[in-house]
Trainee: 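Handing you this structure, nothing more for now.
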Amino acid sequence: MRSMKLTMAQALIKFLNNQYIEVDGEKSPLFKGIFTIFGHGNVLGIGQALEEDPGYLEVYQGRNEQGMAHAAMAFAKQKHQKQLIACTSSVGPGSANMVTAAATASANNIPLLLLPGDIFASRQPDPVLQQIEQTYDSSITTNDVFRPVSKYWDRITRPEQLMSAMLQAMRVLTNPKETGAVTIALPQDVQSEAYDYPASFFKKRIHRFSRNTPLIEEVKDAVALVKGKKKPLIICGGGVRYSEAAQVLSEFAETFNIPIAETQAGKSALSSTHFLNVGGIGVTGNACANQLAKQADLIIGVGTRFTDFTTSSKQLFQEESVEFLTINISEFHAGKLDATKLVADAKVGIQELTSNLKEIGYQSTYTDEISTLKKEWENELERLYNVNYQTEAFKPEVSGHLDEALPEYVEALDSCLTQTTVIGKVNDLIDEDAIIVGAAGSLPGDLQRMWVARKPNTYHMEYGYSCMGYEVSGALGVKMAEPEKEVYAMVGDGSYLMLHSELITSIQENKKINVLLFDNAGFGCINNLQMGHGMGSFGTEFRKRNQDNRLNGELMSIDFARSASGYGVVTYTVKTLEELEAALEDAKKQTVSTLIDIKVLPKTMTDGYDAWWHVGVAEVSKKESTKQAYKRKELDLQKARKY
Ligand SMILES: Cc1ncc(C[n+]2csc(CCOP(=O)(O)OP(=O)(O)O)c2C)c(N)n1
Ligand SMILES: O=C1C[C@@H](O)[C@H](O)[C@@H](O)C1=O
Ligand SMILES: [Mg+2]
């Protein structure tokens, strides 16, 4: 048997270089590159291997391990899981920094290969720098923290273990129904140990996404269910995008006259302007989709995990006879809401259902309900685009919370821009094929409701984990995936402050991204949440500590543009719509990353549209408003499905 004497790290890099993916008959390398932040836990192992022979892998330098891993995840998400970037960190804090990104990838079912350094397998120098040392278990290290947030986890304590571990890693990374973070912990000493690896381990491996077909019996059950239903509603989830099933889904909807609502992950599979696309559904949904959902007698969930935001904590679907049909590659997700299930790839599942429903001549009974509700929503959008603080009729979208404090905000931010008008303007002015990236705060709600995505795959929202700090890192990953398009990170001031380190990496890599920073001087959506449930404003506005030792002093005003310009980013500060227009136009002409610091008033984001969200409310409180909120919650809960 032919063999090659390599260190474990060299073998790992060689193995990664031999993984290929076949899509539509075309074979290409699965791994584009590897993000690195070197420390003693990986520099002399993986670092040495990459210096000596990286193969075709591009080597990137991250700034923050979470940031670089979020960029890698965003890259895979934008590529519909067909190409990946691996990430390697040092031991201890370097690896711990990637835990949040692992969780983000696993929650969203996005493949992400993480290669953190680990403590010595030999234990000779214990405790090595950054080793925690648990007295009850000498084998525990920081990397055990990845277990609950990974879809596959392994530690290579002998160099030959690499072979079986990497085959398992590839199984999970290339299986859409199981995928997420894969963590392979690499002890510092073992990375550098040599072994005679059989040459067969490095053979070219071609991975394919199999399109699982549904069982005939499941198709029959599905047809029998749909047959008796008059007003079905499709929910288009992320699975539609990953399966490239948008075209067959629109044909399905058009053939049987069924409206399509979108989740955050599914949005932009179909153009927002498609006559049957009724837009975002659920807690962050719009009035049209949510009205249709309340009246529907059948919900057809395609490639969706049915999170609480989509189902409005299982309270949205109010029609007495409502039932659920799911098309999902994962049996786990397909079984939710006690649905009749087609366990299948989205594209194949829809195709099967289409031909079978055609045979029985199925048609929904919708007449003009869809177009009427869609028109009403378009009118509401028009209103949102034009909310003006400087009119007598002005009332913030989220009113009754900080109404009296708004003039103070106008002064501190030196702006009276409203968030909804800014979103409308941005939607109008950026290229149709530009990609927007978001994750947390009030923007995901506004964007799911308001954003008109005219071109496919132009809406990139991480809302499975809604992880603050994803936005800027994610924008870098998206730009690496689609370098020819303009990419815009839509980010709140809170998220930006939490993590934007990869903005520097975007400059280093000549990957221009545009940061649209919505500065409302606070954790706005959480302030809405607390005040909407009977609390006061507590710890969510960005105010200085006061004489009474509370955080209720002067509002903080931060010059984000000035700070980012020090990085080499082209920056703009925007306080009027005219300035916004000029900044957006100028940013398009730039070749380096840009940041537009947009000062917007709090409470001017959109509010909910007939959808409840189940959140914890204090059962006992001295405050009457909290007692009332608790009562409301109990009443709402009664209207929700039990499981
Ligand atoms: C890593 C992380 N920590 C905490 C949260 C909880 N959280 C969600 S939104 C939010 C505030 C966001 O503030 P900002 O980015 O300014 O957006 P705004 O709501 O003001 O638009 C917080 C703290 C989160 N989603 N992610
Ligand atoms: O707690 C949260 C509330 C949501 O409104 C927000 O979008 C999300 O980021 C979050 O974590
Ligand atoms: Mg904010």
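Order of listing sets the numbers, starting from 1, for every ligand and every atom in it.
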Trainee: Taking the six-membered ring of Y459, is NZ or CZ of K267 closer than 6.0 Å to its centre and within 45° of its axis?
Mentor: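 Flagged: K267 positioned over aromatic ring of Y459.
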Trainee: At less than 4.0 angstrom from any atom of ligand 2, which residues have a non-hydrogen atom? List them by chain and residue number.
Mentor: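 Only A440, G441, Y463, S466, C525, I526, W613 have heavy atoms that fall under 4.0 Å of ligand 2, ordered by chain and number.
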Trainee: For D597, what residues pass the salt bridge (Lys or Arg N to Asp or Glu O under 4.0 Å) criterion, not counting sequence neighbours?
Mentor: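 Partners of D597 under the salt bridge (Lys or Arg N to Asp or Glu O under 4.0 Å) test: K599.
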Trainee: Taking the six-membered ring for Trp, are H500 and F560 ring centroids under 6.0 Å apart?
Mentor: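 H500 vs F560: aromatic centres not under 6.0 Å.
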Trainee: Does the side chain of E502 come under 3.5 Å of the side chain of Y60 through a donor N or O and an acceptor N or O?
Mentor: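 Result is no, nothing qualifies.
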Trainee: Any idea how F542 and F523 line up, ring-wise: parallel (<30°), tilted (30 to 60°), or perpendicular (>60°)?
Mentor: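 Aromatic pair F542/F523 classed perpendicular.
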Trainee: Report the distance from atom CD1 of I260 to atom CD1 of I281, rounding to the nearest 0.5 Å.
Mentor: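 The distance works out to 12.0 Å.
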Trainee: Taking 2.8 Å as the limit, list every protein N, O or S atom around the Mg ion (ligand 3), by chain and residue number.
Mentor: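 Metal shell, protein only: D493 OD1, N520 OD1, G522 O.
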Trainee: Do S506 and S593 have side-chain N/O donor and acceptor atoms under 3.5 Å apart?
Mentor: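 The criterion, which ignores hydrogens and geometry beyond distance, is satisfied for S593 and S506.
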Trainee: Is there side-chain contact between Q419 and E397, with heavy atoms separated by less than 4.5 Å?
Mentor: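 Result no, sub-4.5 Å side-chain heavy-atom pair not found.
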Trainee: Between the side chains of Q590 and T594, is a donor N or O closer than 3.5 angstrom to an acceptor N or O?
Mentor: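 Note: Q590 and T594 side chains miss the donor-acceptor criterion.
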Trainee: I'd like the contact residues of ligand 1, where contact means a heavy atom below 4.0 Å.
Mentor: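 If the criterion is a heavy atom under 4.0 Å, then ligand 1 touches G441, S442, S466, M468, G492, D493, G494, S495, M498, N520, G522, F523, G524, C525, I526.
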Trainee: Can you tell me if E471 and S495 form a side-chain donor-acceptor pair at under 3.5 Å?
Mentor: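 Yes, because at least one side-chain N or O of E471 sits under 3.5 Å from a partner of the opposite role on S495.
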Trainee: Counting distance only, does the side-chain N/O of D144 pair as donor-acceptor with the main-chain N or O of T141 below 3.5 Å?
Mentor: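 Yes, D144 side chain to T141 backbone: donor-acceptor pair under 3.5 Å.
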Trainee: Check whether any side-chain heavy atom of T284 lies under 4.5 Å from a side-chain heavy atom of L447, and answer yes or no.
Mentor: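 They are not in side-chain contact.
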